[in-house]
Amino acid sequence: MPEMPEVETIRRDLAEKVAGRRIVSADVELPRLIKWPTAPEFQAMITGKLINRLGRRGKYLLFYLENNMVLVIHLRMTGRLYYSKQGQLTDKFTRLVFNLDNGDQLLYADTRTLGTLYLLPKNELWRISGLNTLGPEPLSEDFTLEYFRSKLAKRKAKIKALLLNQQFIGGLGNIYADESLFVAGIHPERTADSLAEDEICRLYHAINQVIAAGIEHGGTTFRDYRNARGSSGGHQHYLYVYGRANQPCPNCHSPIQRIEVGGRGTHFCPQCQIWKGRNT
DNA sequence: CTTCACGCCTGTCAGC
DNA sequence: TGCTGACAGGCGTGAA
């Protein structure tokens, strides 16, 4: 489900509600979602902890607790986090409940149960594979045009596949990758090293623009995503190509095509994203 | 080193 | 109605 704009929306929603609250107990209904430490240790260690603030890296949500402990949650495909006032919000796929000191709850729900949770001291976050190799994220200082250009050079992978590589850019997922390529006018199957300078520049700006719009609209609800209040996002009304196979391109009215690239459903306009470059 | 296929899970939907 | 297969917003692993 969630890519960087969705996780950021959840972070913003939750931050004001849980910062300063204490976790009085945790109900672990599906222990295997807890990847570190063991589920019983996790439950014991998190009990009584004060939540100081919320952070985010790519698609990872970080709850900074007292004593330098960090609760790390990755929602993967169908994870959802809700703030439930006095048990008013429910979800039949609830897998963990954090009971707070004001009688409210933080719910972790997950249909496909692919999500992951960790509880670690701040200086041991390197244990989380994926988080420890995460690349710079769009809109951040580290994500510069120079960095982007240097990472594309000599790469034979298809540009779409590379955009989904979290070691390269942290936070892009399938929706925003397709949208970015459309905005930049680049065919998803072009190899990374075939992009010309002006295309690299367009794609770089498109990524930042698309991610910023996603955040501004409170994320994209295509199927499972909900924000911390259980509501849908708004960016699905602004999608150009994602999920719009056979519908007219907003720019040229050609039918949007759906193909598979790197094992992922990929949407693009065959007119506006012309296949050009060295790898034809 | 890079790239790719597969597995993890459960649900929904289209087609028969 | 029931069945089957395709598909789903992610990512780690291991093989080539």
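In this text the structure is predicted, and so the values were computed from the model without any measurement. Note: hydrogens, waters and symmetry copies are ignored here, and every other heavy atom, side chains too, is used. Below, chains carry the letters A, B, ... as their sequence lines are ordered, and counting in each starts from 1.
- Judged by the 6.0 Å and 45° rule, A:Arg53 forms a cation-pi pair with A:Tyr64.
- A sub-4.0 Å separation between OP1 or OP2 of C:dC11 and a side-chain N or O of A:Lys59 is present.
- Residue A:Arg155 contributes atom CZ, which lies 13 Å from atom C1' of B:dC4 at whole-angstrom precision.
- If you take CD of A:Glu260 and P of C:dC7, they are 7 Å apart, rounded to a whole angstrom.
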Between protein and nucleotides 12-16 of chain C, what N or O pairs are separated by less than 3.5 Å?
residue, atom, partner, partner atom, Å
C:dG12, OP1, A:Ser129, O, 3.1

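- With A:Gln43 contributing its side chain and A:Ala26 its backbone, the two residues share a donor-acceptor pair below 3.5 Å.
- Between the side chains of A:Ser140 and A:Glu137, no donor N or O sits under 3.5 Å from an acceptor N or O.
- A:Thr116 and A:Lys35 are not linked by any side-chain donor-acceptor pair at a separation below 3.5 angstrom, with hydrogens and angles left out of the test.
- For A:Asn174, counting side-chain heavy atoms from C-beta on, the closest listed nucleotide (B:dT3, C:dG10, B:dG11) is C:dG10.
- Picking from C:dG10, C:dC11, C:dC7 the nucleotide with the shortest atom distance to the side chain of A:Leu114 gives C:dG10.
- Following rounding to the nearest Å, A:Asp193 (CG) and B:dT3 (P) show an atom-to-atom distance of 9 Å.
- Phosphate contact (OP1/OP2 of C:dC11, side-chain N/O of A:His74, threshold under 4.0 Å): present.
- Atom CG in A:Leu117 sits about 15 Å away from atom P in C:dC11, given to the nearest Å.
- Note on A:Arg264: every side-chain N or O is 4.0 Å or more away from OP1 and OP2 of B:dC4.
- Within the 3.5 Å criterion, the main-chain N or O of A:Leu54 finds no donor-acceptor partner in the side chain of A:Arg56.
- Checking side-chain atoms of A:Asn208 against main-chain N and O of A:Leu139 turns up a donor-acceptor pair under 3.5 Å.
- There is no side-chain donor-acceptor pair under 3.5 Å between A:Tyr225 and A:Glu3.
- For the pair A:Met77 CE and B:dC6 C1', the computed distance is 14 Å after rounding to whole Å.
- For C:dT4 and B:dC9, the P atoms lie 22 Å apart once the distance is rounded to whole Å.
- Checking side-chain atoms of A:Thr191 against main-chain N and O of A:Lys156 turns up no donor-acceptor pair under 3.5 Å.
- Within 4.0 Å of A:Tyr176, counting heavy atoms only, lies no atom of the nucleic acid at all.
- Not a single donor-acceptor pair under 3.5 Å links the side chain of A:Glu8 to the backbone N or O of A:Ile215.
- The residue among A:Leu164 and A:His267 whose nearest nucleotide of DNA chain C is located toward the 5' end is A:His267.
- A:Tyr204 and A:Phe143 have their aromatic ring centers within a separation under 6.0 angstrom.
- Remark: C1' of B:dC8 and NZ of A:Lys35 are 9 Å apart, rounded to the nearest angstrom.
- For A:Tyr242, counting side-chain heavy atoms from C-beta on, the closest listed nucleotide (B:dT10, C:dG10, C:dA8) is C:dA8.
- Stretches of at least 3 consecutive Watson-Crick or G-U wobble pairs, with each checked distance under 3.5 Å, appear in DNA chain C as B:2-8 with C:10-16, B:10-16 with C:2-8.
- Summarising the geometry, the separation between CG on A:Asp110 and P on B:dT10 is reported as 10 Å, rounded to the nearest angstrom.
- In the set C:dG10, B:dC9, B:dT3, B:dC9 carries the atom at the smallest distance from any side-chain atom of A:Arg112.
- Look at CZ on A:Arg32: it is 10 Å from C1' on B:dT10, rounded to the nearest Å.
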